[in-house]
Undergrad: 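So that we are looking at the same thing, I have put the structure below in structure tokens.
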Amino acid sequence: YQVIKAGDEHLKFVFLTGVSQFSGLSIFSGLNNLENITMSEEFSSICGYTQEEFENNFKEHIEKAATANEMSEKEILSKIKYYYNGYSWDGKISVYNPFSALLFLKQKKFNRYWFASGTPTFLIEQIKKKDNLESFVQKQAVMEDVLSGFAVEEIETTALLFQTGYLTIKKEEETMRGSLYTLDFPNFEVKDAFLTSLIKVYTNKTIQAVYNLNDKLYEALIGKDAEKLTDSLTELYASIPYNLHITKEAYYHSLFLVTCRLAGFDVEAEVHTNKGRIDVVLKKDNIVIIVEIKYGEDKSIEVLLQEAISQIKDKKYYEKYIGNEVILLALTFGRNKEIGCKFKNL
């Protein structure tokens, strides 16, 4: 950076991309006249393909990909968008990841191209070290100064994930303190690959074993199969290495919710109503699963399950979701790490 600044009289334009900004670092002391355009609306589509650009410039390749996958053009475009679009720096305009989109058009197979190009071992280790699973349970809202810069010595997980492309902006709101950004995974490619790697690290399972477990969990939740759900969660928690076991209830709570996200559910935690707070709401299409989680060493699983179902009914947690297929789920953790589940239709 000092070399670039020293050659200022010979430079007309310099554009730097990558991890956009670290604050308080000596590496930038030599080049302190930067303009950070990461969050600028004017340049929000500069580093990716918009939907219009993608369809107009790659029409022939899209048609070939549709033929290869035995899909219509409309179907293939929808799936490509689901996999590789979704990056945004203003919460309005979204763009495709060029690396993944181009490799898909070349190979005509849906794969996790960008993620596979650099497995985020460092990021996963940071998350494990800080025991910070909550960031991946649901969308999160942060102020602009959290994202705009940080010191390497005090890396904040959310900022690092945004800077490196694993989280993106889904919505921007103006507040008295400045912009409030809602962050989430940009697309299926990133969400599926990142959460799979995260659960793999926490459970010591193989990638295929994680996939199998998630399929089993999904089928149990959609099928309202208490026995299968109990088996799935028992398998999940039993596979956590002893040195990673944490006694905090929130740890097991968070790992369950991260697994539900990977299984394809939209997850909302601690949802407030006018009569209380719902532990978890899982959504998939028109299905809403209201979950009440109970922990207790001094009560039986059966008592805890009944208390959980009664709480959902007594406080009418289901009222705001009437019109959907609503399922009530009691999930309990008792003495000796026993797990109990009970489904009930509304």
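The figures that follow rest on heavy atoms only: side chains count, while hydrogens, waters and symmetry mates do not. All figures in this text were calculated on a predicted structure; none of them were measured in a lab. Position 1 is the first residue of the sequence, and the numbers go up from there.
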Undergrad: Give a yes-or-no answer on whether the side chains of S100 and E189 include a donor-acceptor pair shorter than 3.5 Å.
TA: yes

Undergrad: For L262 and V210, work out which heavy atoms get closest and say how close.
TA: CD2-CG1, 3.8 Å

Undergrad: A65 and I76: which non-hydrogen atoms are nearest, and at how many Å?
TA: O-CD1, 4.0 Å

Undergrad: With the side chain counted from C-beta on, respond yes when F185 and L195 share a heavy-atom pair under 4.5 Å apart, and no when they do not.
TA: yes

Undergrad: Taking the side chain as every heavy atom from C-beta outward, state whether F343 and L328 have any atom pair closer than 4.5 Å.
TA: no

Undergrad: State yes or no: do I293 and V281 share one hydrophobic cluster built from I, L, V, M, F, W and Y residues joined by side-chain heavy-atom distances below 4.5 Å, directly or via other members?
TA: no

Undergrad: Test L221 against F265 for side chain to side chain contact (heavy atoms under 4.5 Å, CB included), laying out the working first.
TA: CA-CA 10 Å; L221 288 167; F265 290 93; 3.6 Å; yes

Undergrad: Any side-chain donor paired with an acceptor under 3.5 Å for N345 and K224?
TA: yes

Undergrad: Take the angle between the ring planes of Y295 and F333 and call it parallel below 30°, perpendicular above 60°, tilted in between.
TA: parallel

Undergrad: Looking at K59 and E63, is there a salt bridge between them, counting it only when a charged N and a carboxylate O are closer than 4.0 Å?
TA: yes

Undergrad: Is a side-chain N or O of K170 found less than 3.5 angstrom from the main chain of P186, in a donor-acceptor match?
TA: yes

Undergrad: Are any side-chain N or O atoms of S78 and backbone N or O atoms of K74, one a donor and one an acceptor, separated by less than 3.5 Å?
TA: no

Undergrad: Do Q107 and Y113 make a side-chain contact, defined as non-hydrogen atoms from C-beta onward lying under 4.5 Å apart?
TA: yes

Undergrad: Should Q306 and K342 be marked as a side chain to side chain contact (heavy atoms under 4.5 Å, CB included) after you check the CA-CA gap, both sets of side-chain angles, and the distance that decides it?
TA: CA-CA 9 Å; Q306 189 53 51; K342 183 177 182 179; 3.4 Å; yes

Undergrad: Any carboxylate oxygen within less than 4.0 angstrom of a Lys/Arg side-chain nitrogen, looking at D266 and K284?
TA: no

Undergrad: Any donor and acceptor pair, going by atom type alone, linking the side chain of N85 with main-chain N or O of Q51 inside 3.5 Å?
TA: no

Undergrad: D215 side chain to Y218 main-chain N or O, any donor-acceptor pair under 3.5 Å?
TA: no

Undergrad: Less than 4.5 Å apart, side chain to side chain, heavy atoms only: is that true for I290 and I327?
TA: no

Undergrad: Would L160 and M39 show up in the same hydrophobic cluster when neighbours are defined by side-chain heavy atoms closer than 4.5 Å?
TA: yes

Undergrad: Measure from the side-chain N and O atoms of Y87 to the backbone N and O of G165, and report whether any donor-acceptor pair falls under 3.5 Å.
TA: yes

Undergrad: Run through the side-chain heavy atoms of Ile, Leu, Val, Met, Phe, Trp and Tyr, join any pair under 4.5 Å, and report what else lands in Y211's cluster.
TA: I207

Undergrad: State plainly whether one hydrophobic cluster holds both F256 and V288, where clusters connect Ile, Leu, Val, Met, Phe, Trp and Tyr through side-chain heavy atoms under 4.5 angstrom apart.
TA: no

Undergrad: Could you check whether Y166 and W114 have their ring centres less than 6.0 Å apart?
TA: yes

Undergrad: Would you indicate whether E42, at its atom CD, is surrounded by more than 12 heavy atoms from other residues, nucleotides or ligands within a distance under 6.0 Å?
TA: no

Undergrad: Donor-acceptor pair, distance only, cut-off 3.5 Å: does the side chain of S40 make one with the backbone of I37?
TA: no

Undergrad: Can you tell me if NZ on K228 sees more than 12 non-hydrogen neighbours from other groups inside 6.0 Å?
TA: yes

Undergrad: Distance from I169 atom CD1 to S88 atom OG, nearest 0.5 Å?
TA: 6.0 Å

Undergrad: Find out if a path of hydrophobic residues (ILVMFWY) with successive side-chain heavy-atom gaps under 4.5 Å connects I309 to L304.
TA: no

Undergrad: Do L102 and F99 belong to the same hydrophobic cluster, where Ile, Leu, Val, Met, Phe, Trp and Tyr are linked whenever their side-chain heavy atoms lie under 4.5 Å apart, directly or via other members?
TA: yes

Undergrad: For a quick test of reading the model, state the closest non-hydrogen atom pair linking P98 to G48 and the distance between them.
TA: CG-CA, 3.9 Å

Undergrad: Is there a side-chain contact between L331 and L233 in this structure, where contact means two heavy atoms from C-beta onward sitting under 4.5 Å apart?
TA: yes

Undergrad: Can you name the nearest heavy-atom pair linking L77 to I62, along with the distance?
TA: CD2-CD1, 3.8 Å

Undergrad: Name the one of V280, L282, V326, N324 that satisfies side chain to side chain contact (heavy atoms under 4.5 Å, CB included) with I289?
TA: L282

Undergrad: Taking distance alone, no hydrogens or angles, what donor-acceptor pairs closer than 3.5 Å link side-chain atoms of residues 312-320 to residues at least two apart or in another chain?
TA:
residue : atom : partner : partner atom : Å
Y317    : OH   : R277    : O            : 3.4
Y317    : OH   : Q311    : NE2          : 3.2

Undergrad: What's the separation between atom CH2 in W89 and atom OG in S44, rounded to the nearest 0.5 Å?
TA: 9.0 Å

Undergrad: Determine whether a donor-acceptor pair (N or O, by modelled atom type, separation under 3.5 Å) exists between the side chain of N187 and the backbone of V190.
TA: yes

Undergrad: In sequence, state the C-alpha distance, the side-chain angles, and the governing distance for T168 and L183, and then conclude on side chain to side chain contact (heavy atoms under 4.5 Å, CB included).
TA: CA-CA 5 Å; T168 195; L183 306 181; over 6 Å; no

Undergrad: Are the side chains of L213 and E235 in contact, using a 4.5 Å heavy-atom criterion?
TA: yes

Undergrad: Check for a donor-acceptor pair, side chain of N69 on one end and backbone N or O of M71 on the other, with a separation under 3.5 Å.
TA: no

Undergrad: Between R261 and D184, does any side-chain N to carboxylate O distance fall below 4.0 Å?
TA: yes

Undergrad: From I222 CD1 over to L217 CG, what is the distance, rounded to the nearest 0.5 angstrom?
TA: 10.0 Å

Undergrad: Between E53 and T50 (side chain of the first, backbone of the second, donor and acceptor by atom type, cut-off under 3.5 Å), is there such a pair?
TA: yes

Undergrad: For the residue pair F110 and Y84, categorise the inter-ring angle as parallel (less than 30°), tilted (30 to 60°) or perpendicular (more than 60°).
TA: parallel

Undergrad: Is any side-chain heavy atom of Y321 closer than 4.5 Å to a side-chain heavy atom of I287?
TA: no

Undergrad: Once you round to the nearest 0.5 Å, how far does CG of L346 lie from NZ of K344?
TA: 10.5 Å

Undergrad: To the closest 0.5 Å, what do you measure between CG (L305) and OG1 (T332)?
TA: 4.0 Å

Undergrad: Salt-bridged, E307 to K294, with N to O below 4.0 Å?
TA: no

Undergrad: Can you label the angle between the F54 ring and the F58 ring as parallel, tilted or perpendicular, going by 30° and 60°?
TA: tilted

Undergrad: Quick one: is the NZ or CZ of K81 closer than 6.0 Å to the six-membered ring centre of Y96, and within 45° of its axis?
TA: no

Undergrad: Considering only NZ, NE, NH1 and NH2 on the basic side and carboxylate oxygens on the acidic side, decide whether K92 and E172 come within less than 4.0 Å.
TA: no

Undergrad: Just do the salt bridge (charged side-chain N to carboxylate O under 4.0 Å, His left out) check on K64 and E60 with the steps written out, would you?
TA: CA-CA 6 Å; K64 290 179 179 179; E60 181 182 342; 3.3 Å; yes

Undergrad: Kindly compute the distance separating CZ (R112) from CZ (F188), expressed to the nearest 0.5 Å.
TA: 8.0 Å

Undergrad: Please tell me if the side chains of M143 and S179 come closer than 4.5 Å, counting only heavy atoms from C-beta onward.
TA: no

